[in-house]
Amino acid sequence: MDGASDAGEVRASRLQMEDERFEGPEHKCPALCDSLHGCVHDRENSPAMRAVLCAQVCKLYRFQTEDQRWLLVREQLSETPLSFSLPKRLLSILIHEHSSRVQDVKELSDLPLHWDGLRRDVLGHCNHLISCYQETLAELHQLSALACFKSSSSRSDRHLQFAPTNLHSQRMEVTSPDSPGVWYEIITFGAPADHHQSFKHGGLKRLLSKHAPHSHSSASFSRAECSRARALLSSMAQLQPLVFGLAEELLSVSLEQKATSLQRVLDSLTQQTELFIEELQDELVKRALLAAHSRFPASVHNHSNGSVCDATAAAQEQQPSPHDYGEEEWDRTWTNVGKILSCIIAMVKRLQERENRPQALMASEQQEAPGETGSEQQEAHGETGSEQQEAPGETGSQGAVSPCFSTCASSWQEQLLPLVVTLRDCVREAVDQARAAMTFVVLQAAVGLTVGQGPAHVVQRRHAVFSQALSAVVCGFVLKLHGSLEDRDFLQQLHSVGVLAQFESLLSTSGDELGMLEDMEVGVADLSEVTFSITEAKTEEAGDLLPTLSGTWGSLVVNVPVPPEDFVSLPQELKGSLIRLHPVHFNIGINQQQSLAERFGDSSLQERVNQENYERLKTYCTALRHRLPALPGIQALPDLLLSLDRTVDSRKRKNVEVLWLAALVCRTVNGVRLTSCKSAKDRTAMSVTLEQCVILRERHALGRQHFTSALDCMRRSRLSWGHMLGCYSPSGVAVSGFDTEERPSDLHSLWIPQCLAPKAPRRHLYPVAFLLVTSHLLVLWLILSLVILLAKYQ
């Protein structure tokens, strides 16, 4: 650290915790060491942690406690490769999902004009998103393999739209003479928002509400129903040819005069037809038909072509018009298939009985007269002389039976033919209506998941905001999991109720930051559909330990691999199960723009966000208390929630107590803490350092007289971190009101990053002048009003 090298590493083989005070002048600053791009070697330096953390900056401090002892505090700021790896995986999933939807919609049969218009809308929407996402993914793949950070200066870049801004893991380890190291993690990142599209027309909340009334359909179908509809279409495409083929085979076999063959074909026809009827009885078909008839009555109405036994005439007379289609109409359609099948079975049974009757009579006559003489045969034939004259060449009993069998065989086919034709007509009608219904489901589901979500640029904005929030929360969950693999209570909590993620934002409710808050509100809410799954890593290589994504939009699963030795020690019920994510979001604006918004603008969005998320937090805590009543610290939750409720309802200006209480509840329930502002610099650094010092004071007995010095020291360390990580340009820039020659002497060669330096006085001139002019105008208005009133009543 002699200045010859810009970066180095400090390894401490032994750190002694001293009981006596340091009084020498050389220890006025409590920082013990400052390793630039490395960290102190310890047990936390595992392959799993190295896989998700990179470019680490570490600082060590020593603070005095109330009982005159010493705390060793290690601060570690890290970047993460998840900033780009997860957006890449999400883009790949979205491209595949939209490509599959395009294929499904294209495979639909010829559609009516108005249905075909919806299909063209879906195809245009999906193809536009696929093109944009493929281009963005190609740009991300061109980045260096070591890229793991997106600076605030790049937050408006189009190809970095899906990557979070300034995503860092800020971890603090506290070691005291009485306890080993305790870790506290906070994930900091720029508020998830689409800076590329800007906020001229507001954020996601406003844009979605603006496009919500223009939905393309009143019928909504879930992904599961869409999958079931595709399965039904495939099943009907297989069963209809089978039924038709077996029906034709039944007619062919009827000419062979073989009862066994006829019964075999009939059994196969019965089995396939019953499967066909079972598929038609799905409630989805009935519901889709009703919805389709109510929206497009002329497109799905089909007239019946066949008759069912003796009830056909009445059925045709009662054929409904397209406008009065009801549930009983579809029930009648598939019931007709079953009725005609019963008629075919009954007809085959009668034909078989008719065949068996002549054979039984012949067998009985031969048993009664086995020794019949030739003269008796002549008498028998003489009784049928007229028949013999008609057929003089025929002799014996064979000549009289053969024409009978020929007539019976032809009558079989003649009697089965109308029933088979009717069966085909009924099956065809049922297939046409069911296919129209399932086509409607697939098309409407595609519309609801694409065009129904709003214009393509709104959907793209939503995906980008979600990607930023997802990368941050996954980073926090992975760190929390690896730090608590030996905590059985935490693992049981994951399985029972899931994990809480508490987002803290410091955005104002005016200007562009109002749009950012609207973006963040939707992005955090979308995380509630995300689940985690702990899997076993193949190896301990960094690539195999990075989280991956599976599933589709709205049901994403984050697969978190852990080393094999750690996976074996997990509870059995946690292996392979899905862990629910419960995100909550609290916002308190603290800058000058928020002061103006509270005095002259509107802060209702902030109040609504805090109130709604308090209810979500309360629901999670109630479920946790109900399922795990013995969890450590859970007894304090009711009092904390009551205090938070009162604080949220108070609606006091810049009420940062809301954030403190929410953070305290989050740590009590082992949740993931995330803090953000516009760029995760000024306000975020102030919030994180204050929270860290409060933790040292409340949980580790930091001396009250040393609280301010510890806070100043931690905030002062932030002045150099931006330059160390390459987040800022180090050359010749006047920042925060300081000229280059006005740098504090004790910062040596380190310049002051704009995000962490004190604000210049001139930044307050505009708000102060605005307030002064406003107050003078108000006084002038009062004087003029008084003059007018006096003149009126005189």
Side-chain angles (χ1 to χ4, degrees), residues 49 52-53 73 75-80 82 164 166-174 182-192 468-484 487 490 493-494 497-507 520 523-524 527-528 530 532 579 581-588 590 609-610 613-614 616-617 620-621 624 633 636-637 640-641 644 656-677 680-681 683-700 714 718:
M49 299 298 285
V52 296
L53 298 178
V73 178
E75 252 191 320
Q76 179 178 299
L77 179 72
S78 308
E79 299 171 5
T80 173
L82 299 180
N166 272 347
L167 176 58
H168 288 99
S169 161
Q170 302 203 27
R171 310 175 71 214
M172 180 179 69
E173 182 188 26
V174 183
V182 180
W183 283 95
Y184 302 92
E185 296 98 0
I186 302 178
I187 305 300
T188 60
F189 69 116
Q468 299 175 28
L470 179 67
S471 300
V473 77
V474 170
C475 178
F477 175 79
V478 171
L479 295 180
K480 191 73 177 178
L481 176 64
H482 286 301
S484 307
D487 188 348
F490 176 72
Q493 177 183 346
L494 292 182
V497 293
V499 63
L500 178 74
Q502 188 245 327
F503 288 80
E504 170 188 296
S505 60
L506 305 167
L507 299 170
M520 187 173 183
V524 172
L527 290 175
S528 59
V530 174
F532 293 95
I579 302 170
L581 176 64
H582 301 269
V584 294
H585 173 211
F586 292 91
N587 179 82
I588 295 294
I590 61 173
V609 167
N610 292 340
N613 284 273
Y614 165 76
R616 296 179 188 144
L617 179 60
Y620 176 84
C621 293
L624 184 62
L637 279 181
L640 290 175
L641 290 174
L644 180 58
V656 293
E657 189 178 356
V658 171
L659 303 180
W660 297 342
L661 290 172
L664 186 56
V665 173
C666 178
R667 294 200 181 279
T668 303
V669 299
N670 302 312
V672 178
R673 284 273 297 113
L674 303 102
T675 300
S676 62
C677 61
K681 295 191 292 188
R683 287 165 277 179
T684 298
M686 294 293 183
S687 175
V688 169
T689 50
L690 178 60
E691 182 176 352
Q692 289 176 337
C693 288
V694 169
I695 290 175
L696 293 177
R697 183 183 64 188
E698 301 296 333
R699 299 193 178 188
H700 300 281
M714 285 187 169
R718 290 334 194 255

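The analysis underlying the following values was restricted to heavy atoms, covering all of them including side chains, and did not include hydrogens, waters or symmetry mates. Along the sequence shown, residues are numbered consecutively beginning with 1.
The pair Arg667-Glu691 meets the salt-bridge criterion, since a charged nitrogen lies less than 4.0 angstrom from a carboxylate oxygen.
Between Ser676 and Met520 there is a side-chain heavy-atom pair separated by less than 4.5 Å. Val73 places a side-chain heavy atom less than 4.5 Å from the side chain of Met714. At least one side-chain heavy atom of Leu659 sits less than 4.5 Å from a side-chain heavy atom of Leu506. No side-chain heavy atom of Leu617 sits less than 4.5 Å from a side-chain heavy atom of His582. The shortest distance between side-chain heavy atoms of Tyr620 and Val584 does not fall below 4.5 Å.
With rounding to the nearest 0.5 Å, the separation of CG in Leu641 from SG in Cys621 is 4.5 Å. Rounding to the nearest 0.5 Å places CD1 of Ile695 at 6.0 Å from CD1 of Ile186. Atom OG1 in Thr80 sits 10.0 Å away from atom NE2 in His168 (nearest 0.5 Å). Annotation: the span from Gln493 atom CD to Asn670 atom CG amounts to 5.0 Å, rounded to 0.5 Å. We find the CD-CD distance between Glu173 and Glu185 to be 10.5 Å, quoted to the nearest 0.5 Å. To the nearest 0.5 angstrom, Asn610 atom CG is 8.5 Å from Leu644 atom CG.
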TODO: For the pair Val478 and Met49, evaluate side-chain contact (heavy atoms from CB on, under 4.5 Å) and give the outcome as yes or no after the intermediate values.
DONE: CA-CA 9 Å; Val478 171; Met49 299 298 285; over 6 Å; no
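Residues His585 and Asn613 approach most closely at N-OD1, 2.8 Å, considering heavy atoms. Closest approach of Ser471 to Pro164, counting heavy atoms only: CB-CG, 3.8 Å. Heavy atoms only, all atoms of each residue included: Ala469 and Gly523 are closest at CB-O, 4.4 Å. The nearest pair of heavy atoms linking Thr668 to Gly633 is CG2-O, 3.3 Å. Pairing each heavy atom of Ser687 with each of Thr675, the nearest pair is OG-CG2, 4.0 Å. Residues Leu581 and Ala501 approach most closely at CD1-CB, 3.8 Å, considering heavy atoms.
The side chain to side chain donor-acceptor pair (under 3.5 Å) test applied to Ser169 returns no partner, not counting sequence neighbours. Looking at residues two or more places apart in sequence or on another chain, you find a side chain to side chain donor-acceptor pair (under 3.5 Å) between Gln502 and Arg673. The salt bridge (charged side-chain N to carboxylate O under 4.0 Å, His left out) search around Arg699 returns none, not counting sequence neighbours. Scanning for ring-ring contact (aromatic ring centres under 6.0 Å, His included) contacts around Tyr184 gives His700, with sequence neighbours left out. For the ring-ring contact (aromatic ring centres under 6.0 Å, His included) test, no residue two or more places apart in sequence or in another chain qualifies with Tyr614. Shown here are the side-chain contact (heavy atoms from CB on, under 4.5 Å) partners of Ala472, two or more places apart in sequence or in another chain: Leu167, Ile187, Phe189, Leu674.
Classified by interplanar angle (parallel below 30°, tilted 30° to 60°, perpendicular above 60°), the ring pair Phe477/Phe532 is parallel.
The backbone N or O of Leu481 sits nowhere less than 3.5 Å from a side-chain atom of Ser484 that would complete a donor-acceptor pair. A donor-acceptor contact shorter than 3.5 Å links the side chain of Asn587 to the backbone of Leu507.
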